[in-house]
Amino acid sequence: MKSSLGKKSWNKLKTCDERLQKLVEEVSKRMDITVLCGFRGEEDQNKAFAEKKSKLQFPDSKHNKLPSLAVDIAPYPIDWNDIKQFEAMCDLVEDTAHDLGIKIRLGRDFSFKDYPHVELIDG
């Protein structure tokens, strides 16, 4: 199957660790998704923190490493109120990561429910 990712999504995804690239590409073959964010520099990270979109300031987020150890994705088209669609995406990401042998943690498992967030767990 062909990936559903557009050019903007690919450009963001290319800033991520190869394991995340492989994972998101596989997920995009089975569900229409968009990449919201890969690598985040100091200005963008501190803005995300100020807007309460992140709990961490620069350089403490996995988004602040290059290549990025985290990626934010969403079902496309995005409907922030459609939690069922985000849950379905998270289930697919978990299953796909398991099949690929990639250890991840999902933001939906955080106390503040960050559904788009997917990060690598090393070790």
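Please read all numbers here as calculations on a predicted model, not as lab measurements.
Among E42, Q57, Q45, the single residue meeting the side-chain hydrogen bond (donor to acceptor under 3.5 Å, both in side chains) criterion with N64 is Q45.
No continuous path of hydrophobic side-chain contacts links W10 to F39 [ILVMFWY only; heavy atoms under 4.5 Å]. The hydrophobic clustering, which links ILVMFWY residues whose side-chain heavy atoms are closer than 4.5 Å, places F49 and V71 apart. There is a path of hydrophobic side-chain contacts, each under 4.5 Å, that joins M89 to L100. Note: the hydrophobic cluster containing L106 also contains I78 (ILVMFWY, side chain heavy atoms under 4.5 Å, direct or indirect links). The cluster map of Ile, Leu, Val, Met, Phe, Trp and Tyr, joined by side-chain heavy atoms under 4.5 Å apart, puts V118 and I83 in the same cluster.
With a 4.5 Å cut-off on side-chain heavy atoms, V93 and I73 count as touching.
When only modelled atom types and interatomic distance are considered, T34 and S9 share a side-chain donor-acceptor pair under 3.5 Å.
Shortest non-hydrogen contact noted between K65 and P59 is NZ-O, 3.1 Å. Residues K12 and C16 approach most closely at O-SG, 4.0 Å, considering heavy atoms. Nearest heavy atoms, I104 versus E94: CD1-CA, 4.3 Å. Here the closest heavy-atom approach between residue L20 and residue A70 is recorded as CD1-N, 3.5 Å. Residues A97 and L23 approach most closely at N-CD1, 3.5 Å, considering heavy atoms. What you find for V24 and V35 is that their closest heavy atoms are CG1-CG2, 4.0 Å.
We find the CG-NZ distance between L36 and K53 to be 10.0 Å, quoted to the nearest 0.5 Å. The structure places SG of C37 at 11.5 Å from CG of L13, a figure rounded to the nearest 0.5 Å. For the atom pair L69 CG and K62 NZ, the distance stands at 6.0 Å (nearest 0.5 Å). Here the CD atom belonging to Q85 is positioned 10.5 Å from the SG atom belonging to C90, to the nearest 0.5 angstrom. In this structure, CD1 on I33 lies 10.0 Å from CD on E25, to the nearest 0.5 angstrom. Remark: H98 NE2 to D95 CG distance equals 8.5 Å, nearest 0.5 Å.
Proximity of a side-chain donor or acceptor of K29 to a complementary backbone N or O of S4 within less than 3.5 Å is not detected.
Under the 4.5 angstrom side-chain criterion for Ile, Leu, Val, Met, Phe, Trp and Tyr, M1 has no cluster partners at all.
Aromatic pair W80/F86: ring centres closer than 6.0 Å.
Residues D91 and R108 are paired through a salt bridge, judged by an N-O separation under 4.0 Å between the basic side chain and the carboxylate. We find that K84 and D82 are not joined by a salt bridge, their nearest charged nitrogen and carboxylate oxygen being 4.0 Å or further apart. By the 4.0 Å N-to-carboxylate-O rule, R19 lies close enough to D122 to be salt-bridged with it.
Taking a 6.0 Å sphere around NZ of K8, one finds it holds 12 or fewer heavy atoms contributed by other residues, nucleotides or ligands. Shown here is F58, whose CZ atom has more than 12 heavy atoms of other residues, nucleotides or ligands within 6.0 Å. Atom CD of E18 has 12 or fewer neighbouring heavy atoms from other residues, nucleotides or ligands inside a 6.0 Å radius.
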Given D72 and R40, is the salt bridge (Lys or Arg N to Asp or Glu O under 4.0 Å) satisfied, shown in steps?
CA-CA 11 Å; D72 291 346; R40 232 185 267 152; 3.1 Å; yes
Go through the steps for D44 and H63 under the test side chain to side chain donor-acceptor pair (under 3.5 Å), then give the verdict.
CA-CA 10 Å; D44 290 336; H63 284 284; over 6 Å; no
Intermediate values then yes/no, side chain to side chain donor-acceptor pair (under 3.5 Å), S61 and S54
CA-CA 8 Å; S61 170; S54 176; 5.0 Å; no
